[in-house]
Every structure is written in structure tokens, then in C-alpha cells.
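Here's the structure we're looking at; comments come further down.
Model, not experiment: these values are computed from the prediction. Both counts, for ligands and for their atoms, begin at 1 and track the order of listing. Count residues from 1 along the sequence.
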Amino acid sequence: MAATCRRHFFSLQGEGQGRGNAGVVRVQLLWAVSMCCALLCIQYLPHSISAEPILASSLGFCKTVPVLRGAPLHCCLPAPTRKPIRFKFPTCANGGPPVVRERKPVHVVQNDPEYVRKYNLAYARMKALPDSDPRSFLNQWRVHCSFCNEAFKQRELPGPLGKATGVLLQIHYSWTFLPWHRMYLYYHERILGDLIGDPTFALPFWNWDNQLDPIAGMMPFMFLPNFPVNNSALTDVNRNPNHMPPKILYLGYNGKLEAEGKQNLTDEQIRYENLCVMYNQVVTKISARSFLGGPYVVGTNNTAATVNVAAGETPGESGGMEIVHNVAHEWTGLINNPAHPDNEDMGNFIYAARDPIFYTHHSNVDRLWDVWKTIPDNVTIAGNRQRVDYTSSDFLDSEFTFFDENQDMVIVTIRDSLDSSKLGYKYADVSESDNLWINYEPLPPHKPSEPWNPSHWPAVVPSGNNTIGKVPSSFKLARRAPTKKDLKGKGLKHLNQLQEDIVLEKVRIPHSAYARFDVFLNFPEANRETHLYMSEYVGTFTHLPSGMVDMSASVSHSSVTESDGQFRLFNIRYSVGQALRRLGIADWNTDVVVTIVSKGVRRTNPTIDFYFSDIKQDFQ
Ligand code: C2O
């Protein structure tokens, strides 16, 4: 029976682009009710959230994502010409282990003219493929544009490729972020290699976290005009001319401060802040949840400004890695250029993958996921905890589709993605520079100028409209000790292995807004210009606009009601156990003051406040 329904579904693919509004969904529901047996019908009833894996494909329904500039007016993908196939780990022809592709730092490989020549040739060929070919550069861009801008719908069990639900799909802002981008790159790299007949071809990685090499953090030369080897397929005009070499990527970057002329750090200061940002976004994030992001289960609509927690929905929750990766996007795109209000290309998820730099940036993000698993604990009280991915089936059995080098649509699961060595690639060792942020020690805490009393600051009003204002906002947070209950489902034995987190709950952020919040503990003096290399700094949140700024009206032609879709809700997690001990707080009952410094939105937006429902202590 299920197979029959599935076949019916396949015959629908390609249809319904830009349709599929609630009415159509209801008609389909009625159809399903009358056509299918009672057992099957259960799957069509209004979906209540259960811990079911996200099933994602580019089949069928595709919502038009409005695109401001350039020819392609949608980012829907071509339908597969053959039946989708299941992922298999790569092997070499005789069935043995695959040829290993070694991904090397771009600041190293760009010195090899032969590599640059091949790399450029691969992209030139990819760009020359026709639009009907899913391997074409335009379609590679569309993969990102569509899965990252809610063009498709989540699907239901049973797999593979169950029926579409009524809920849009978004692979950012949750635990799908790292696995999905890993497999996206995996196929992108295989297609490039195939186009030049080189099975060892590997993407380079933009090693922007490297503060040891003077050029590693610069926009990689091999993507820039005037490179001595022909690189015409690698350039892109939509990059920030103010961030060209010798500028290095600043992970504390804020477009608004820059526009105000207040971001005048020396390279040395930038490097220290970069180490501290990496330390707080990667090293202190010891739990899968804090590093990879929060759960994303079928039925969760994280494009909406309401979250039905009772039904098991969770707001979007980006992991530490995703958040720091957003900064590189923002810094590379055309921010603060009034002619380009959408920060394209890299600074907006709609356009980001039009820039070949995107793939080398994500190669580093992917590398850092592997590095994260090897970092010794050093942040919990026990000090002996391993960093491991989620192990639940709703994570492992999440399912995506990509087109491979043979133009086949392949169904992959997160389970397939977790071990990069099984995928036939590895990263060159850059542990010397990794160790600089892994072993980073922030500056000693400030001495308070007056006697310190957290109760001078207001507590949040639970479920109230608490404001993250244009000026820094400080709140008192009452703490508690972890209990056995906090260990539940975490695979840990001792309370001392838990990391203490502080979570800002249900932060409301407009889809089209750039937002950045830096958080400090017990330092209410913190302001937009406070340095990030100090003990009181505990991390960053960055939200990139994922929608159009000046074309929001055109969203209304989309087939899903956007009335409450102009905002997303986020939980924002800061991992603070180590910082508290650094600040001399070793017990569980000392209250703290949490200061949220909103760095403001970019110049072209109005200055706005953000609202959130609560600040909570949490143990992971
Ligand atoms: Cu899907 Cu770097 O973004």
C-alpha cells in the first residue's frame, strides 16, 4: 500500500511548484482519506510532533524563493530522471577502501599552479553544464538556496521519501546543519572531480580559524581577481571590497560598528578575539546540542513565530559551529553597501552558494566538526567527557537527498555522514593552529569597581516580553545545582560531567534581519566595543538574513501563508561552566548577571529591539 502511494507521489513530482497552499493540502488530505486504508490514514492526520527524523528531498512541492538579482527566479531543483537510489559508502573499483581525497588549506594549495588550474577547470566545466543538469553550478547553488530558504516540505515516514507534510523544511538552525552541509560538499566535490576526471580531487579549506599563519584568515587569493593563474571560474563580484587582503577575517566582526567607524582593531587584537570566539563557540560547547545545534524533528516549523511546545516543537537552535560560521558569511558578502541591501552573495543564504568561496568556507566548517570530536574535555568539572554526536534515531535516521556525479538522486541519512573517513576524504593536519584556540586562556576577570550584588539587576519576567535593547541589557539569573534528572538521556554517568549552559529562550528575530548578540557574565559594563578576549565573555549569536530585505512584499506570492512567518524563534545557548569557575564562582547558588550586548543590525536596517521569553540555566 505504501509503495502504491509512493508511486503516486513520484508521478506528482515537478507539479505543484509554487502551489500547495493549505487548501490544496486539505484536498490532498481528503483524497488520501478516501483512497487509503485506515491504517495508512493515521499518517495523514494533523501532525503532532514526535521524535521522528526529518525526511528531506527536493521532490514535488517547491516554493518559489524570491531572488532579487540575476536570471534564475527560483531555486527549485530539476526532477530526477531515474528512481532515487540509496547512499553507499564509496569504495574503489575492486570494492576496497576508496581513494582518499585530502582537503588541504587553501592558503597552501593556492601556491600550486597545477591545483589552481584543475580547480578552475572543474568549476568552469560545472558552470558550462546546462540548466537541466543537476550537477550544473546553478543547480549546485539552488541546492543551498532551496534547502536553506524553505522551498521544500518535510516528509513523513515511512521512508524512503515519504509523503510531504504541510510543514516547510529548513536545514539551518538545528542539528541538521553540519550533516546536511557535509553531504552537500561531499557530492559537490565528487562532481567537480568527475568533471576533470580526477578521483583524488579534493576541495580546499579556508582555514580562517588559523591565527598562526599570516595569510590563512585572509580572503583566499586564488578566488580573487588578478591571481597569476587563470581563475576566472572562481571569482565573484559580490564580495566586500573593504575586506580584501591584507584584512583578516574577524570573528567578532560587526557590520554596524564598522559602518560607524568604531571597529578599529589591530590585527593582533583581531587574532586574540578570534581565538576567544573559537574557544567559546567550539571548545566550551562539549555537548552535541551546544555544538551541533538543537533537535529538529518532523512537524517543527522553525519558520514560524509561534512554537507549540506542548506538541513537542522546539524553536530553532543553532549550534556553536553554525553561529561562528555565520560571521564568515557576513564578512565576505557585500554588507553595508546600499546598492546591495541583501548582503549578497555570501552574506545571505539565498545567494551564498553562488560564490565559489562558499564551498571552501564550508570545507573548514566541516573540518572543525571532526576536530571538535578530538578536543579533550577541559571544560566540565569531571574533565573526562568525550565529545560525541547525538545517538538518537530521530537524528541518525534523518534523511536528505542530493544529486551525485552521475545525476542520480541519492538518499542519504545523517548516520551515513558521521565518519568523514568512511566518506573517502580527510583533512590535512593543521593542529598547531587549532591548538591555539583549543588551549586558549582568556584574560583574567575584571575587578568590580563597586561591591558586587547581582540583585541590583532585574530578573526576567518569564514568558514576558523581555527586551534585548539597542543598549546592553542585563538580567539577574538565579542558579541551581544539577540533579539526576539533568543526566537523563545524555549518556553520562556523573553530574560533574554536565556542562552548565545559559539559554535565552524564544528570541524573536525577523527573517530578514541581521542580528548579533554577545553575552557577558557579571560584567554589566560591557558594551558594543568591549573586547571579546576576556573572562566575562561567553559567546556569540549571529543570525544572517535568510530572506529578502527590500522584496519582502513579493514573498506574499509564495504558497504558504507568511503572515506569522516574518519572524523566527530561536533558543540561544551559551556554555558557561568554565567561565563561572574562572570568575571565582564555584558553587551552585550564587546568582549571576547576564549581559546581552546587541551589536545592532546592519546600517541599512532600522535599529530594532529584540524580544525573548526567558533566560534559563540548563545542563547538557
Ligand atoms: Cu547553509 Cu554557510 O550555509
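Listed by chain and residue number, V283, I286, W372, I375, V379 satisfy the side chain to side chain contact (heavy atoms under 4.5 Å, CB included) test with R387 (two or more places apart in sequence, or in another chain).
As for H329, its N/O/S atom nearest atom 2 (Cu) of ligand 1 is the one called NE2.
Under the 3.5 Å distance criterion, the side-chain polar atoms of D408 are left unmatched by any main-chain donor or acceptor of V410. Checking side-chain atoms of R101 against main-chain N and O of F201 turns up a donor-acceptor pair under 3.5 Å.
Looking at D518 and K599, a side-chain N of the basic residue comes within less than 4.0 Å of a carboxylate O on the acidic one, giving a salt bridge.
Below 30°, between 30° and 60°, or above 60°: for F177 and H181 the angle between ring planes is between 30° and 60°, a tilted geometry.
Excluding waters, the set of protein N/O/S atoms under 2.8 Å from atom 1 (Cu) of ligand 1 reads H144 NE2, H172 NE2, H181 NE2.
In this structure the side chain of D370 reaches within 4.5 angstrom of the side chain of R182, judged on heavy atoms.
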